[in-house]
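Heavy atoms only: backbone and side chains are in, while hydrogens, waters and symmetry mates are out.
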Amino acid sequence: MAHFSRLYAIVIDAPRPDHEATVAFWSGAAGVDLPVVAKYPEFNGAKLPTHDMLLLTQRLGDGAPRVHLDFHTDDLDAEVARLEALGATRESRAENWQVMRDPAGLVFCVVRDRPGTLSEANATRWA
């Protein structure tokens with residue numbers, strides 16, 4: 001089944017004690033306010049000026065700091081299968097996203113986007 005996807009977010013994962021300082025740093029570095037995301041309060045973020053990408057910070061419960069990328073898609077199962085065929089592996093799944101690892105073991109996420117958000121104008125159509 002055809003679906004759309006795009007690389008859409010840069011996510012900086014920070015342990016709880018470092019999260020506020022991380023938000024302040026990346027807000028200043030990028031020149032954009034990073035407010036709390038209402039639906040997911042462990043995230044702060046905003047669209048980057050002059051880019052069609054999000055910059056997010058994620059407050060971790062535990063774990064080391066890292067940066068990961070998010071793909072957004074209109075068909076979560078189809079995009080996960082496409083990336084698995086390229087060599088990715090599944091980690092864990094939530095209602096609207098799948099945590100995966102690339103062949104080198106780096107974490108990334110596949111996120112279901114709102115219906116109608118992705119199109120030929122802003123994403124790749126996969127057959």
Side-chain angles (χ1 to χ4, degrees):
M1 178 177 178
H3 72 283
F4 288 105
S5 71
R6 64 179 171 174
L7 182 58
Y8 188 58
I10 302 164
V11 185
I12 295 120
D13 299 319
R16 184 177 306 277
D18 302 322
H19 189 253
E20 281 187 41
T22 299
V23 171
F25 173 81
W26 285 104
S27 177
V32 62
D33 188 35
L34 299 173
V36 172
V37 176
K39 188 173 179 180
Y40 301 103
E42 67 275 17
F43 288 93
N44 290 64
K47 192 176 251 190
L48 290 169
T50 72
H51 293 70
D52 191 25
M53 289 196 78
L54 294 177
L55 176 62
L56 298 169
T57 62
Q58 178 178 358
R59 184 180 59 248
L60 300 175
D62 28 330
R66 64 181 180 213
V67 175
H68 77 265
L69 303 174
D70 284 357
F71 285 89
H72 280 216
T73 184
D74 60 357
D75 186 332
L76 190 59
D77 292 331
E79 183 65 2
V80 167
R82 184 184 79 80
L83 295 167
E84 279 182 316
L86 294 171
T89 56
R90 297 177 194 215
E91 283 287 307
S92 60
R93 179 127 180 200
E95 181 181 346
N96 290 315
W97 65 83
Q98 172 74 52
V99 179
M100 301 187 79
R101 289 193 182 268
D102 75 1
L106 298 173
V107 171
F108 68 96
C109 294
V110 182
V111 179
R112 180 180 295 122
D113 216 327
R114 294 182 317 272
T117 302
L118 302 177
S119 69
E120 300 280 349
N122 65 9
T124 300
R125 181 186 176 125
W126 304 99

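- Within the 4.5 Å cutoff, no side-chain heavy atoms of Leu48 are placed close to those of Leu54.
- Transitive grouping of hydrophobic side chains (ILVMFWY, heavy atoms separated by less than 4.5 Å) keeps Val80 and Leu118 in distinct clusters.
- A donor-acceptor pair under 3.5 Å is absent between the side-chain atoms of Ser92 and the main chain of Val99, judged by distance alone.
- Between Phe71 and Phe108 the shortest side-chain heavy-atom distance falls below 4.5 Å.
- To the nearest 0.5 Å, the span separating CG on Leu56 from OH on Tyr8 amounts to 9.0 Å.
- Residue-environment remark: CZ (Arg125) stays at or below the threshold of 12 foreign heavy atoms within 6.0 Å.
- The structure places CD of Glu42 at 6.5 Å from CD of Gln58, a figure rounded to the nearest 0.5 Å.
- The shortest distance between side-chain heavy atoms of Met100 and Glu91 does not fall below 4.5 Å.
- Asn122 places a side-chain N or O within 3.5 Å of a backbone atom of Ser119 that can act as its donor or acceptor partner.
- In summary, the aromatic rings of Trp97 and Tyr40 are positioned with their centroids under 6.0 Å apart.
- Rounded to the nearest 0.5 Å, atoms CZ (Phe43) and CG (Leu34) are 13.0 Å apart.
- With 3.5 Å as the limit, one finds no donor-acceptor pair spanning the side chains of His3 and Asp75.
- A donor-acceptor pair is defined here as one N or O able to donate and one able to accept, closer than 3.5 Å; no such pair exists between the side chain of Asn44 and the backbone of Thr57.
- Side-chain contact check for Val67 versus Ile12: some heavy-atom pair is nearer than 4.5 Å.
- Between Pro103 and Gly87, the shortest heavy-atom contact is CG-O, 3.7 Å.
- The side-chain heavy atoms of Phe4 and Glu120, taken from C-beta on, include a pair separated by under 4.5 Å.
- At least one donor-acceptor pair under 3.5 Å links the side chain of Asp102 to the backbone N or O of Leu106.
- One side chain, Trp126 or Ser5, offers a donor N or O that lies under 3.5 Å from an acceptor on the other.
- Put simply, the side chain of Arg59 does not reach to within 4.5 Å of the side chain of Glu20, judged on heavy atoms.
- Between the side chain of His19 and the backbone N or O of Pro17 there is no donor-acceptor pair closer than 3.5 Å.
- For Phe25, there are no ring pair (Phe, Tyr, Trp, His ring centres under 6.0 Å) partners at least two apart in sequence or on another chain.
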Where do Asp74 and Asp113 land on the side chain to side chain contact (heavy atoms under 4.5 Å, CB included) test, with the steps shown first?
CA-CA 6 Å; Asp74 60 357; Asp113 216 327; 5.9 Å; no

I would like to know whether Leu69 and Val11 meet side chain to side chain contact (heavy atoms under 4.5 Å, CB included); could you show each step before the answer?
CA-CA 6 Å; Leu69 303 174; Val11 185; over 6 Å; no

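- Under the salt bridge (Lys or Arg N to Asp or Glu O under 4.0 Å) criterion, Glu84 pairs with Arg90, sequence neighbours left out.
- By the salt bridge (Lys or Arg N to Asp or Glu O under 4.0 Å) test, Asp52 is found to be paired with Arg6, Lys47, residues two or more places apart in sequence or in another chain being considered.
- Using modelled atom types, one side-chain atom of Thr22 and one backbone atom of Asp18 make a donor-acceptor pair closer than 3.5 Å.
- Rounding to the nearest 0.5 angstrom, the gap separating the CZ atom in Arg112 from the CG atom in Leu76 is 5.0 Å.
- Across all non-hydrogen atoms, the minimal contact from Pro49 to Gly31 is CG-O, 4.5 Å.
- Judged by distance alone, with hydrogens and angles left aside, the side-chain atoms of Arg66 form no donor-acceptor pair with the main-chain N or O of Val107 at under 3.5 Å.
- Looking only at atom types and distance, the side chain of Asp70 has a donor-acceptor partner in the side chain of His68 under 3.5 Å away.
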